[in-house]
Amino acid sequence: MSSVRPLDGITVVSLEQAVAAPFATRQLADLGARVIKIERPGGGDFARRYDTAVHGHSSYFVWLNRSKESLSLDVKDERGRAVLDQLLADADVFVSNLAPGAAARLGLSPEELTAAHPRLIPCTVSGYGTSGPWADRKAYDLLVQCQTGLVSLTGTSGEPARAGVSVADIAAGMYAYSGVLTALFTRATTGVVRPVEVSLFEALAEWLGQPAYYTAHTGTQPPRLGTQHPTIAPYGAYTAADGKEVLFSIQNEREWAALCTEFLEDPALTEDPRFATSSDRVEHREELNALVAARFARSGAEEIIAALDRIGVACAGVNSVAEFLAHPVLTGRDRWREVGVPGASVRALLPPVDLAGTSARMDPVPAPGEHTADILGELGHSADSVEALRADGVV
């Protein structure tokens with residue numbers, strides 16, 4: 001493996017908090033970028049206190065902030081702002097996800113940043129965009145899940161539900177990450193600097209594309225069906241004789257014929273007009289589910305999975321998180337690494353994208369302000385100067 005990573009030599013300064021922006025910058029750090037995370041003196045990123053699950057540290061923070069340097073800095077103080085300007089003078093990217101209007105009040109709008117630092121790529125992550133009727137509204141993940149209609153699609157017929165992970169934050173972080181990579185490529189190939197903007201709402205809106213098209217053209221949104229698929233059948237989880245659930249999916253007519261003949265053991269079903277097409281099967285879902293449930297009741301989960309595997313039908317047990325952590329794919333593909341956290345270490349998954357010939361950066365999660373003295377020293381501040389700033393609460 002080469003010790004050189006794709007973003008070696010790229011410096012990212014991030015005025016970030018919570019999930020979306022830290023997820024974007026962690027992925028830049030995975031690729032070798034130097035990420036300097038600016039945190040509030042005295043407490044740091046509030047995501048540090050979301051929980052204490054990982055050796056006393058927040059599970060969110062540990063997930064999102066490995067391989068970064070933590071700089072305590074009050075950017076509202078003129079001395080702290082001077083330090084930020086020093087950092088930005090040599091940085092390639094500035095990422096922020098501040099409260100609505102905060103960046104402009106600090107003189108950190110994209111226009112001001114690119115005027116002062118022509119090579120700097122600003123990346124702004126907001127709730128509903130920096131313009132438009134909702135620019136001043138706060139947005140958190142579950143609020144955006146509600147606003148985009150995702151919650152109305154998730155859950156059972158009796159009750160809607162939030163997605164089990166922070167999908168709006170993750171979507172925004174992914175688009176910010178890819179946007180920054182695109183902007184770096186554009187700058188490298190054309191010399192043009194293009195600021196990047198991503199909102200949680202518009203990122204998740206893109207993910208709502210299929211139900212949006214379906215609803216717009218049918219007049220009815222897909223129903224909430226728990227683990228059943230709203231527009232494909234059979235596609236969902238069914239209970240085996242041993243009480244365990246197995247999910248399987250029929251994607252085409254070849255698989256449907258194999259399911260009828262070799263699993264349901266009733267070839268005549270392939271000629272049944274109730275089940276002739278995917279749309280027919282959705283329309284007659286309850287009758288079809290009864291046939292599948294009867295077959296599941298005759299076998300245990302492992303036997304069912306083996307039988308479906310034999311005929312080429314995709315299937316899976318419905319795992320708990322603990323079962324996921326022990327998944328044979330993660331072990332068999334050597335996806336776990338040890339990553340340091342203050343006072344301990346934890347297992348962490350490698351990034352999902354493998355770049356041939358390179359290894360992902362998997363450095364420790366920083367303590368609050370851990371790198372403050374070193375970074376200020378690089379900028380020419382003496383030890384006495386750093387202590388003075390610390391005494392005044394600037395760092």
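All values below come from the heavy atoms of this structure, side chains included, with hydrogens, waters and symmetry mates left out.
A distance of 9.0 Å separates CZ in R105 from CG in L98, rounded to the nearest 0.5 Å. In this structure, R361 CZ and S359 OG are separated by 11.0 Å, a value rounded to the nearest 0.5 Å. Atom CG of L269 sits about 6.5 Å away from atom CZ of F275, to the nearest 0.5 Å. With values rounded to the nearest 0.5 angstrom, E370 atom CD is found 12.0 Å from L71 atom CG. In this structure, CH2 in W256 is found 6.5 Å from CG in L264, a value given to the nearest 0.5 Å.
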Determine whether H229 and L225 satisfy the following criterion, side-chain contact (heavy atoms from CB on, under 4.5 Å), listing intermediate values before the conclusion.
CA-CA 7 Å; H229 195 287; L225 295 170; over 6 Å; no
Might you work through the salt bridge (charged side-chain N to carboxylate O under 4.0 Å, His left out) test for E287 and R281, ending with a clear yes or no?
CA-CA 9 Å; E287 298 149 88; R281 293 191 287 272; over 6 Å; no
What verdict does the side-chain contact (heavy atoms from CB on, under 4.5 Å) test give for F23 and Y177, after you've listed the backbone C-alpha separation in whole Å, the side-chain angles of each residue and the deciding distance to 0.1 Å?
CA-CA 8 Å; F23 187 48; Y177 165 61; over 6 Å; no
Begin with the C-alpha distance, continue with both residues' side-chain angles, and end with the deciding distance and a verdict on salt bridge (charged side-chain N to carboxylate O under 4.0 Å, His left out) for D363 and K68.
CA-CA 8 Å; D363 290 348; K68 299 180 184 179; over 6 Å; no
Show your working on side-chain contact (heavy atoms from CB on, under 4.5 Å) between Y238 and T227 and close with a plain yes or no.
CA-CA 9 Å; Y238 300 85; T227 59; over 6 Å; no
Could you check R81 against D74 for salt bridge (charged side-chain N to carboxylate O under 4.0 Å, His left out), going step by step and ending with a plain yes or no?
CA-CA 7 Å; R81 178 53 194 270; D74 180 0; over 6 Å; no
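Within the structure, the side chain to side chain donor-acceptor pair (under 3.5 Å) test picks out the following pairs touching residues 325-343 (sequence neighbours left out): D334-R337, R335-D354, E338-S345. The ring pair (Phe, Tyr, Trp, His ring centres under 6.0 Å) pairs that include a residue from residues 102-146 are Y128-W134, Y128-F201, where partners are two or more places apart or lie in different chains.
Side-chain atoms of D45 do not come within 3.5 Å of backbone N or O of F61 as any donor-acceptor pair. The backbone N or O of D374 lies less than 3.5 Å from no partner atom in the side chain of H371, so there is not a single donor-acceptor pair. A side-chain donor-acceptor contact under 3.5 Å links R285 to the backbone of P230. A donor-acceptor pair under 3.5 Å is formed between the side chain of S58 and the backbone N or O of A47. At distances below 3.5 Å, not a single donor-acceptor pair connects side-chain atoms of D77 with backbone N or O atoms of V394. Between the side chain of T154 and the backbone N or O of V151 there is no donor-acceptor pair closer than 3.5 Å. With S299 contributing its side chain and F296 its backbone, the two residues share no donor-acceptor pair below 3.5 Å. The backbone N or O of D90 lies less than 3.5 Å from no partner atom in the side chain of R119, so there is not a single donor-acceptor pair. Judged by distance alone, with hydrogens and angles left aside, the side-chain atoms of S385 form no donor-acceptor pair with the main-chain N or O of H381 at under 3.5 Å. In this structure, the side chain of S152 engages the main chain of G149 through a donor-acceptor pair within 3.5 Å.
Put simply, the side chain of V12 does not reach to within 4.5 Å of the side chain of I36, judged on heavy atoms. Contact check for T215 versus T220: no side-chain heavy atoms found under the 4.5 Å cut-off.
Using cut-offs of 30° and 60° on the angle between ring planes, the pair F46 and Y50 is tilted.
For D8 and R34, the salt-bridge test fails: no basic side-chain N is under 4.0 Å from an acidic carboxylate O. Salt bridge D30/R5: absent, no basic N to carboxylate O contact under 4.0 Å.
If you run side chain to side chain donor-acceptor pair (under 3.5 Å) between Q17 and each of R40, R48, E39, only R40 comes through. The only option from S126, S14, C123, P22 that meets the side chain to side chain contact (heavy atoms under 4.5 Å, CB included) definition with N97 turns out to be P22.
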